[in-house]
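Quick note: residue numbers are just sequence positions, from 1.
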Amino acid sequence: MQDWPLRVMRLVDHAEREHGDGEIVSAWADGSRTRSNWRDVVRDARRMAQALERLGIRPSDRVATLAMNHAHHLIAWYGTIGMGGILHTINPRLFADQLEYIANHAEDRVLLYDRVFAPLVEKMKPRWKTIEHYICFDPPAGEPGFRQWIDAEDGDYRWVEGDERDPCALCYTS
């Protein structure tokens with residue numbers, strides 16, 4: 001019997017401890033593939049949690065993503081949840097009025113996005129009133145982005161504790 005709340009971060013801690021070398025393969029929009037493992041994902045999620053706090057993001061703040069499934073998006077899930085934030089996945093297939101409404105209604109403060117969605121992000125920036133920080137997962141060569149943002153942190157971070165019923169993710173569509 002467990003004597004602690006069953007929080008999402010307990011699952012990734014288990015993956016790191018028991019399956020740290022377990023391979024994670026990501027296919028990117030440009031056709032490239034990268035490989036990582038659970039140990040790297042957890043290390044980078046801790047760095048991301050630190051980076052979010054450095055931006056002033058606090059527990060229960062919303063962090064949006066406009067991205068495909070890849071290792072950086074996985075890091076974003078655990079980094080956001082690990083610092084007590086709520087990850088909000090945004091569906092890029094929605095109409096502009098819907099995108100405007102859901103990001104503003106959710107009061108997203110950060111948007112992490114794939115470069116393939118940069119034209120959509122630029123179009124929506126004037127309409128998204130609560131998003132303060134835009135970070136590209138895979139920026140063009142020579143431009144700062146997600147990797148530089150989290151690599152500035154040391155990863156010495158303890159996950160935020162809380163009630164197992166605290167929210168951790170949000171999605172307006174199914």
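- The aromatic rings of F137 and H73 lie tilted to each other, with the angle between the two planes from 30° to 60°.
- The environment of CZ in R54 is sparse: at most 12 heavy-atom neighbours from other residues, nucleotides or ligands sit within 6.0 Å.
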Verdict with reasoning, Q98 to Y172, per side chain to side chain donor-acceptor pair (under 3.5 Å): CA-CA 10 Å; Q98 294 168 318; Y172 278 66; over 6 Å; no
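- No side-chain heavy atom of V8 sits under 4.5 Å from any side-chain heavy atom of L87.
- Distance alone, capped at 3.5 Å, places no donor-acceptor pair between the E107 side chain and the N104 backbone.
- Remark: side-chain polar atoms of Q148 are paired, donor with acceptor, to backbone N or O of G145 under 3.5 angstrom.
- Classified by interplanar angle (parallel below 30°, tilted 30° to 60°, perpendicular above 60°), the ring pair H70/W28 is parallel.
- A cation-pi contact, defined as under 6.0 Å to the ring centre and within 45° of the axis, links R46 to W159.
- A 6.0 Å sphere centred on CG of N69 holds no more than 12 heavy atoms belonging to other residues, nucleotides or ligands.
- Hydrophobic clustering (side-chain heavy atoms under 4.5 Å, transitive across Ile, Leu, Val, Met, Phe, Trp, Tyr) groups I75 together with V160.
- To the nearest 0.5 Å, the span separating CG on D61 from CD on E132 amounts to 8.0 Å.
- One finds the CD1 atom of I86 at 9.5 Å from the CD1 atom of I81 (value rounded to the nearest 0.5 Å).
- The backbone N or O of A71 lies less than 3.5 Å from a partner atom in the side chain of S26, making a donor-acceptor pair.
- Under the 4.5 Å side-chain contact rule for hydrophobic residues, I57 and Y78 share a cluster.
- Taking a 6.0 Å sphere around CE of M68, one finds it holds 12 or fewer heavy atoms contributed by other residues, nucleotides or ligands.
- Not a single donor-acceptor pair under 3.5 Å links the side chain of W128 to the backbone N or O of D108.
- Residues D114 and L66 have side chains not in contact (no heavy-atom distance under 4.5 Å, counting atoms from C-beta outward).
- Residues I102 and L94 have side chains in contact (heavy-atom distance under 4.5 Å, counting atoms from C-beta outward).
- A distance of 8.0 Å separates CG in D44 from OG in S36, rounded to the nearest 0.5 Å.
- A continuous path of Ile, Leu, Val, Met, Phe, Trp and Tyr side chains, each step under 4.5 Å between heavy atoms, connects L52 with W77, placing both in one hydrophobic cluster.
- Using a 4.0 Å cut-off between charged side-chain N and carboxylate O, R47 and D151 make a salt bridge.
- P140 has its side chain within reach of R115: a pair of non-hydrogen atoms, C-beta onward, lies under 4.5 Å apart.
- Considering every non-hydrogen atom in both A27 and R33, the closest pair reads CB-NH1, 3.3 Å.
- One hydrophobic cluster holds both L170 and Y113 under the rule that ILVMFWY side chains link at heavy-atom gaps under 4.5 Å.
- Across every non-hydrogen atom of Y157 and A49, the tightest pair is CE2-CB, 3.5 Å.
- Judged purely by atom type and a 3.5 angstrom limit, D166 uses its side chain to pair as donor or acceptor with the backbone of D163.
- Side-chain contact between W38 and R17 is absent, with no heavy-atom pair separated by less than 4.5 Å.
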Check against side chain to side chain contact (heavy atoms under 4.5 Å, CB included), I90 and H88: CA-CA 6 Å; I90 296 179; H88 177 204; 3.9 Å; yes
Derivation and outcome, side chain to side chain contact (heavy atoms under 4.5 Å, CB included), residues W149 and L55: CA-CA 10 Å; W149 177 57; L55 291 179; 3.6 Å; yes
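- Summarising the geometry, atom CD1 belonging to I135 is positioned 7.5 Å from atom NE2 belonging to H133; distances are rounded to the nearest 0.5 Å.
- Contact of the E100 side chain with the K129 side chain is not registered, since no non-hydrogen atoms from C-beta on lie closer than 4.5 Å.
- Salt-bridge annotation for E23 and R35: present, with a side-chain N of the basic residue lying under 4.0 Å from a carboxylate O of the acidic one.
- Exactly one of L111, V110, L112 qualifies for a side chain to side chain contact (heavy atoms under 4.5 Å, CB included) with Y134. That residue is L111.
- No single ILVMFWY cluster, assembled from side-chain heavy atoms under 4.5 Å apart, contains both M83 and L11.
- Comment: D138 does not engage R147 in a salt bridge, judged by the lack of any side-chain N to carboxylate O separation of less than 4.0 angstrom.
- By the neighbour-count criterion of 12 heavy atoms within 6.0 Å, atom NZ of K123 is sparsely surrounded, having that number or fewer from other residues, nucleotides or ligands.
- A salt bridge is absent between E16 and R39: the closest approach of a Lys/Arg side-chain nitrogen to an acidic carboxylate oxygen does not fall below 4.0 angstrom.
- Under the 3.5 Å distance criterion, the side-chain polar atoms of Q50 are matched with a main-chain donor or acceptor of G155.
- In this structure, E161 pairs ionically with R10, as a charged nitrogen and a carboxylate oxygen lie closer than 4.0 Å.
- Panel note: side chain N37, backbone G22; no donor-acceptor pair is recorded below 3.5 Å.
- Atoms CZ and CZ, from R109 and R58 in turn, are 8.5 Å apart once rounded to the nearest 0.5 Å.
- No donor-acceptor pair closer than 3.5 Å links the side chain of R62 to the backbone N or O of A103.
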